[in-house]
Amino acid sequence: MQPSKSQGKKVVLAYSGGLDTSVAIRWLQERYGLEVIAVSVDVGQPCNMDEEVKRAKVIGAAKAYAIDAKEEFAENYIFPSLKANAMYEGAYPLSTAIARPLIVKKLVEVAEKEGASYIAHGCTAKGNDQVRFDVSIGALAPSLEIIAPMREWVMTREEEIEYARVGKIPIKVKKETPYSTDENLWGRSAECGVLEDAAHEPPEDAYEWTTAPAKGPDKPEYIEIGFEGGVPVSLNGTMMKPVALIQKLNEIAGKHGVGRIDHIENRLVGIKSREIYECPAAIVLVGAHVDLEKLVLPRDLLSFKRMVEQRFTELAYDGLWFSPLRESLSAFVDKTQEFVSGTVRIRLYKGSSAPVGRSSPYALYTTSLATYDKGDQFDHTAAKGFIYVWGLPLRTIAAAHKSKVKLGESSVTVVGKVRKRTE
Ligand code: ARG
């Protein structure tokens with residue numbers, strides 16, 4: 001983009017309140033002459049939205065919005081991922097990844113309302129998030145142009161601080177953290193600093209949401225989660241709204257050291273990275289949901305759904321949330337959740353979250369069929385006939401091949417003539 005061409009136009013900036021996006025407000029004005037509209041989207045990260053808005057204006061934003069998107073995040077992004085048991089590479093519940101498309105949706109809504117020509121975000125050139133932002137913007141508003149200051153400027157952190165000092169940009173004086181973090185309702189991600197040494201155990205200060213498992217309470221705590229149509233609706237018998245339920249679970253499970261994940265991850269941009277996650281509620285809920293599905297879904301649906309889950313997860317991770325394929329897979333997943341209702345009892349204890357009991361009005365598990373005790377309803381005489389038919393193809397194959405091939409020799413002996421493999 002040519003700086004001069006943009007004079008007087010508007011840019012909507014995804015404003016987190018951190019150093020990078022604070023500096024970006026001024027930089028977008030100085031470099032491109034743009035009118036900056038700062039947008040902070042609350043997806044459950046700890047922050048004071050009113051303060052963010054005030055600071056953005058002090059820095060020079062023409063307008064600043066604070067949007068509470070927690071409910072929408074829980075219902076339209078977290079729950080579809082939970083229904084799909086989304087765990088990237090079997091480990092990461094996608095907490096950062098699924099918040100990005102929602103943040104973009106909010107930015108686009110503001111851009112349309114304000115008649116902005118540009119959207120700006122603070123993602124770096126090495127991460128997945130730039131892909132998620134750019135691709136989602138393209139999917140929702142292809143005519144908007146994208147500016148990613150962090151991909152353009154060459155300032156180090158120290159230079160940014162100096163730029164802020166010279167330009168009198170108020171930056172948050174928060175305790176210096178050696179990590180790059182991202183937080184929302186579904187989890188906390190941390191990387192950089194000593195965490196980049198994949199051979200070493202993360203120091204305790206890398207964690208903020210969870211107690212060290214060994215220091216968790218000495219007594220296990222039992223909780224009961226009620227599901228309806230694949231989503232959690234109650235905790236310990238009390239009906240709760242999605243956001244409150246997730247927040248409460250983060251607190252309870254975090255206290256027991258549940259949800260710590262140390263993951264060597266394959267980024268979409270081809271880099272392997274070491275990520276530390278804390279996702280207590282996600283670990284409990286996905287574990288409980290998987291468990292309940294085993295009780296109520298038939299075998300073929302379960303195994304087919306696991307393939308769909310894998311693809312869903314990769315699409316969400318790879319920034320393709322707004323793709324027709326992801327949306328279609330979600331439609332399939334929604335259909336599978338019709339009977340995923342019931343309760344799961346979980347034992348939380350020193351870092352583990354174990355389902356220890358489950359029940360559902362739609363349970364396919366039937367004691368009278370499963371039992372080896374009295375009350376057994378299974379027709380034992382039916383087994384023989386079933387196995388006769390089930391095994392028929394293999395017996396047929398064995399008989400046909402045996403008449404022609406003598407097994408157990410290194411050469412293949414065909415009746416009538418002898419042919420050695422080496423010939
Ligand atoms: N690797 C994760 C993802 O791509 C999390 C990145 C979060 N960013 C951070 N600064 N820790 O979804």
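As the structure lists them, so they are numbered: ligands from 1, and atoms in each ligand from 1. One-based numbering along the sequence shown.
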**Whether Trp153 and Trp27 hold their rings parallel, tilted or perpendicular, with breakpoints at 30° and 60°** = perpendicular
**Request:** Show which atoms of ligand 1 fall inside a sub-4.0 Å distance from at least one heavy-atom site of Glu275.
**Result:** 1 (N), 5 (C)
**Prompt:** Taking the inter-plane angle between the rings of His263 and Tyr277 on a 0 to 90° scale, is it parallel (under 30°), tilted (30 to 60°) or perpendicular (over 60°)?
**Reply:** tilted
**Message:** Tell me whether Arg132 forms a cation-pi arrangement with Tyr317, defined as NZ or CZ under 6.0 Å from the six-membered ring centre and within 45 degrees of its axis.
**Reply:** yes
**Prompt:** Could an N or O of ligand 1 be found under 3.5 Å from any N or O of Arg132, whether backbone or side chain?
**Reply:** yes
**Asked** What atoms of ligand 1 come within less than 4.0 Å of a heavy atom belonging to Thr96?
**Response** 5 (C), 7 (C), 12 (O)
**Message:** Just to confirm my output: which protein heavy-atom neighbour is closest to atom 9 (C) of ligand 1, and how far is it?
**Reply:** Glu191 OE2, 3.5 Å
**Message:** Cation-pi check for Tyr207 against Arg260: NZ or CZ below 6.0 Å from the six-membered ring centre and within 45 degrees of the axis, yes or no?
**Reply:** yes
**Prompt:** Nearest to atom 10 (N) of ligand 1, what protein heavy atom do you find, and at what distance?
**Reply:** Ser180 OG, 2.6 Å
**Item:** Pi-cation contact, Phe304 with Arg299 (under 6.0 Å, within 45°)
**Value:** no
**Request:** Looking only at distances, please establish whether an N/O atom of ligand 1 is found under 3.5 Å from an N/O atom of Asn128.
**Result:** yes
**Request:** Under 4.0 Å, heavy atoms only, figure out whether ligand 1 is touched by the backbone of Tyr92, its side chain, both or neither.
**Result:** side chain
**Item:** Gap separating the NZ atom of Lys106 from the OH atom of Tyr65, nearest 0.5 angstrom
**Value:** 12.5 Å
**Request:** Under 4.0 Å, heavy atoms only, figure out whether ligand 1 is touched by the backbone of Tyr277, its side chain, both or neither.
**Result:** side chain
**Asked** Are Tyr77 and Trp186 close enough that their ring centers fall under 6.0 Å?
**Response** no
**Asked** Relative to ligand 1, is Glu265 under 4.0 angstrom through side chain, backbone, both or neither, heavy atoms considered?
**Response** side chain
